[in-house]
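We count ligands from 1, going down the list as the structure has it; atoms in each ligand are counted the same way.
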Amino acid sequence: MIENLLDILFPKVCLNCGKYGENYLCSSCFDKMDLRFKIFPISKKSYNFLIYLGKYKEEIRKRLLEFKFYNKAYINEYFLEFLIKDKNICDFLNKFDIIIPVPMHKDKKLRRGYNQTEIFAKNLSKKLNVGYEDDVLIKFKENKTQSLLLPNERTKNVKDVFRIKNSFKLKNKNIILVDDIFTTGATVNVCSSLLKKSGASEIIILVIAKSH
Ligand SMILES: [Zn+2]
């Protein structure tokens, strides 16, 4: 109800073509763009699949930067449109039990005002009707920003900064672990290992962009 009212007062505009009233990505732009979430099987990791929309460049990079740093949290809806307009990916994701966002340390979240990954993951859970848990995977220690480090420093940087709480929620659950960008995979590696050790069954990683 409130959502409908907001749509009337503030009609959504397609970020791509400027068309009013449908969504942040209209159907004709979706049909024209060749961006789609793709599923890649992964072996020898604690997760089984990596899903991403595209490489971290051009359109995706521009939108992600706005989403992360310019207080434009609504851009999560733009990225989600690619997902919910795609029946195959929705059917695949609907088989999972819970969505968990890669957390941000509380001090950093306070400084930025929001964790873009949480916003995206929470809205994804709403659209797919899959459960959402943000109190099982906790970042208890602030570390350096991964993107500022050399690849070989990144694994060490994410060691001992996450922990699990309420592990009963994870027992035998199939999990979608969500992050914004996949670079070396060090972060999601550490997180998915922790989730596995705490009883999670299958884990897949869903990110918006892959850096290379
Ligand atoms: Zn459009």
Side-chain angles (χ1 to χ4, degrees), residues 1-41 49-96 98-102 104 109 112-132 134 146-147 176-183 185 187-188 204-212:
M1 178 68 191
I2 290 171
E3 220 164 85
N4 291 344
L5 189 63
L6 284 173
D7 281 348
I8 295 165
L9 294 173
F10 306 101
K12 290 173 181 168
V13 55
C14 175
L15 298 179
N16 197 52
C17 71
K19 183 180 162 194
Y20 267 97
E22 199 182 328
N23 218 310
Y24 292 108
L25 176 71
C26 75
S27 302
S28 65
C29 284
F30 174 75
D31 290 341
K32 268 183 263 164
M33 293 167 93
D34 59 357
L35 278 177
R36 296 292 183 268
F37 276 92
K38 292 188 191 80
I39 307 172
F40 299 89
F49 293 94
L50 172 64
I51 300 177
Y52 62 90
L53 179 61
K55 293 288 166 70
Y56 186 58
K57 59 180 189 184
E58 296 154 6
E59 170 77 9
I60 293 183
R61 181 170 180 275
K62 186 177 147 219
R63 298 287 176 218
L64 253 178
L65 287 172
E66 289 175 335
F67 180 32
K68 277 176 90 157
F69 301 113
Y70 294 88
N71 228 4
K72 294 184 177 176
Y74 64 86
I75 288 183
N76 85 86
E77 297 258 355
Y78 171 77
F79 291 120
L80 281 174
E81 278 303 306
F82 286 99
L83 222 144
I84 54 181
K85 282 184 161 67
D86 187 335
K87 195 182 170 295
N88 290 338
I89 192 94
C90 288
D91 287 349
F92 181 79
L93 295 175
N94 265 123
K95 293 185 199 116
F96 288 78
I98 0 178
I99 295 175
I100 296 178
V102 169
M104 195 181 258
K109 190 172 158 182
R112 187 175 290 179
Y114 59 101
N115 173 1
Q116 70 284 348
T117 299
E118 260 174 35
I119 292 172
F120 177 77
K122 200 173 192 171
N123 211 356
L124 175 68
S125 106
K126 234 173 30 185
K127 308 252 188 206
L128 291 175
N129 207 11
V130 171
Y132 174 79
D134 60 6
Q146 284 288 84
S147 56
I176 306 172
L177 180 64
V178 174
D179 206 354
D180 54 356
I181 304 175
F182 182 102
T183 306
T187 303
V188 292
I204 61 164
I205 311 297
L206 187 143
V207 297
I208 296 168
K210 188 169 183 289
S211 77
H212 46 78

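The Zn ion (ligand 1) has Cys14 SG, Cys17 SG, Cys26 SG, Cys29 SG as its protein N, O or S neighbours under 2.8 Å.
Of the candidates Lys57, Arg61, Lys62, Arg63, Glu59 forms a side-chain hydrogen bond (donor to acceptor under 3.5 Å, both in side chains) with just one, namely Arg63.
Taking 4.0 Å as the cut-off between side-chain N and carboxylate O, Lys72 and Glu77 do not count as a salt-bridged pair.
In this structure, Ser211 has no side chain to side chain donor-acceptor pair (under 3.5 Å) partners at least two apart in sequence or on a different chain.
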Please table the atom pairs, donor to acceptor, closer than 3.5 Å between any side-chain atom in residues 31-41 and protein atoms at least two apart or in another chain.
from: Arg36; atom 1: NH1; to: Phe30; atom 2: O; distance (Å): 3.1
from: Arg36; atom 1: NH1; to: Met33; atom 2: O; distance (Å): 3.1
from: Arg36; atom 1: NH2; to: Phe30; atom 2: O; distance (Å): 3.0

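Atom CG in Asn76 sits 12.0 Å away from atom CG in Asp180 (nearest 0.5 Å).
Sorted by first and then second residue, the salt bridge (charged side-chain N to carboxylate O under 4.0 Å, His left out) pairs involving residues 79-91 (not counting sequence neighbours) are Glu81-Lys85, Lys87-Asp91.
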